[in-house]
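One structure is given below, encoded as structure tokens.
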Number of protein chains: 2
Amino acid sequence: MKEGPEIARIAALVADPARSAMLLALMDGRALTATELAGVGGITRQTASSHLAKLVEGEVLVVEAQGRHRYFRLAGSHVGALLEALMVFSSDAVPPLRTGPRDLSLRKARICYDHLAGEMGVMLYDRMLEEGWLGRDLDVTDKGWTKLADLGLQQGDLPASNRPLCRACLDWSQRRHHLAGRLGKAVLDRVLALSWARRLPASRVIVFHPEGERRFGEWLR
Amino acid sequence: MKEGPEIARIAALVADPARSAMLLALMDGRALTATELAGVGGITRQTASSHLAKLVEGEVLVVEAQGRHRYFRLAGSHVGALLEALMVFSSDAVPPLRTGPRDLSLRKARICYDHLAGEMGVMLYDRMLEEGWLGRDLDVTDKGWTKLADLGLQQGDLPASNRPLCRACLDWSQRRHHLAGRLGKAVLDRVLALSWARRLPASRVIVFHPEGERRFGEWLR
DNA sequence: GGGATGGTTCGATTAGCGTCGAACCATGAA
DNA sequence: TTCATGGTTCGACGCTAATCGAACCATCCC
């Protein structure tokens, strides 16, 4: 058994092409089955099973058995943060590598684990700080709760957990921060519930409808 | 040649025990020679040379030749951010694993790439936002420049570069943000120059002298 | 029960990579 | 010039880990 820094162990879990492909597929916060993940990794079920066992063992993924299916999802938002930190990196080497339409959509708005990222996510974060809806410790102020109520979010509605209410997450495309944490998730959920935007099926892209984008911007006024 | 997500390539560079040990040793922003890095990695010079070549090739490190020495340092603060993101992870598995005196010092104040991290770093970041020295986009306000002048920092003194003036960096121990970027470096430099604190030789620990800590807190008033 | 599907375990193969010894090049000092 | 030191290149060795075929277990449906 070779000893070394703990970070090497974690990095090694992400270092395999098949595993990293699976992790990226889970970046939208969904839970996928082993067979589906084998598909995105381009490997057989046996191999995927081995990989997934390693990832669960390393506490990068968590698994939930449901009937004969086993659903895998990221172990928490810190995994998402790690993956975005790695993306900052790779897209750094060749700045304007490929900017196809799919790429532009991703930069505009996408889901990062379970919250809003991209231009729209960064705008949300900026305005909440700028307008004083969030305080120094990223705590929600009275003014903030008032505005959130306009969106249909009551303080009591947010599920209690040991996950922080608000966190800042470094944005891959914008190189700035966007809103994460339980509130980040709640806001995205509301935006989707209000049909201001929708998720593209097999991707992380969030598409804002023109009317929805207008209302979102107006709310942030 | 096996193809896969770009992040796997980067993660693989960190995944090796010897390489990650070298990277951690460079986390304080210093530039070390190949032989020194071979030492911290516990490997021979030949092996280290191979590793370092890979890290430079992957743009994780940069190298500067000086005489017959070659000095290696982290390619930028995004590398530091990645490493801290990995540490958040590993120290997460068993929360109160070991809290020796060295660990306590690290949590109190340490150097992260080239800026202040730990409790003191987080406090700095919080107060600058709270007091309005920093604006929404992490731009320095007039009020901020006034306070920075009290510390002996003039706007013109800060070296121009394409590195952002202010950035938020996720803190490994505090799970909150601290001040990074050129200003983060400049503030730490001043704190050291004023002898409010000093660096422990072979570690990332920053030790505040009692009087220095008092003055630092007073400045942040 | 019988068949189909999701998932795991085992074993064998293979490929990649970390490692070091040895030789070699470059720089600086005596 | 000669020697010492920092660093790299080359080649060979050995280990680890990814991969898949085949067999096996569990669950669901008919």
Exercise. Does the pair A:Tyr71 and A:Val63 meet the rule for a side chain to side chain contact (heavy atoms under 4.5 Å, CB included), with working shown?
Worked result: CA-CA 6 Å; A:Tyr71 286 94; A:Val63 61; over 6 Å; no

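- Within 6.0 Å of atom CD in A:Glu64, 12 or fewer heavy atoms from other residues, nucleotides or ligands are found, so the atom counts as exposed in its surroundings.
- Whole-Å rounding puts the A:Leu37 CG to D:dA18 P distance at 16 Å.
- For B:Asp16, whose side chain is taken as the heavy atoms from C-beta onward, the closest listed nucleotide among C:dT19, D:dG7, D:dT19 is C:dT19.
- When atom types are taken as modelled, the side chain of B:Ser49 and the backbone of B:Arg45 share no donor-acceptor pair closer than 3.5 angstrom.
- Ionic pairing of A:Lys108 and A:Glu213 is present here: one or more N-O contacts between side-chain nitrogen and carboxylate oxygen are shorter than 4.0 angstrom.
- Remark: A:Glu84 engages A:Arg204 in a salt bridge, criterion side-chain N to carboxylate O under 4.0 Å.
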Exercise. If the sugar-phosphate is the primed atoms plus P, OP1 and OP2 and the base is the rest, what is the B/S/- string for nucleotides 20-30 of chain C, using protein heavy atoms under 4.0 Å?
Worked result: BBB----BS--

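- For A:Arg9, the salt bridge (charged side-chain N to carboxylate O under 4.0 Å, His left out) partners are A:Glu6, not counting sequence neighbours.
- Contact annotation: A:Thr35 reaches the phosphate of C:dG7 (side-chain N/O to OP1 or OP2, under 4.0 Å).
- An OP1 or OP2 oxygen of D:dA17 is reached within less than 4.0 angstrom by no side-chain nitrogen or oxygen of A:Lys54.
- Position along DNA chain C of the nearest nucleotide to B:Ala12 versus A:Ser50 favours A:Ser50 as the more 5'-ward residue.
- Regarding B:Phe72, its CZ atom lies at a distance of 11 Å from the C1' atom of D:dG6, rounded to whole Å.
- Between the CD atom of A:Glu57 and the P atom of C:dT9 there is a distance of 12 Å, given to the nearest Å.
- Ring geometry for B:His115 versus B:His178: interplanar angle of 30 to 60°, hence tilted.
- The OH atom of A:Tyr71 sits 11 Å away from the P atom of C:dG6 (whole-angstrom rounding).
- Atom C1' of nucleotide D:dT8 and atom CG of B:Leu52 are separated by 11 Å, given to the nearest angstrom.
- Within the 4.0 Å cut-off from OP1 or OP2 of D:dT19, at least one side-chain nitrogen or oxygen of A:His51 is found.
- Residue B:Arg45 places none of its side-chain N or O atoms closer than 4.0 Å to OP1 or OP2 of D:dT5.
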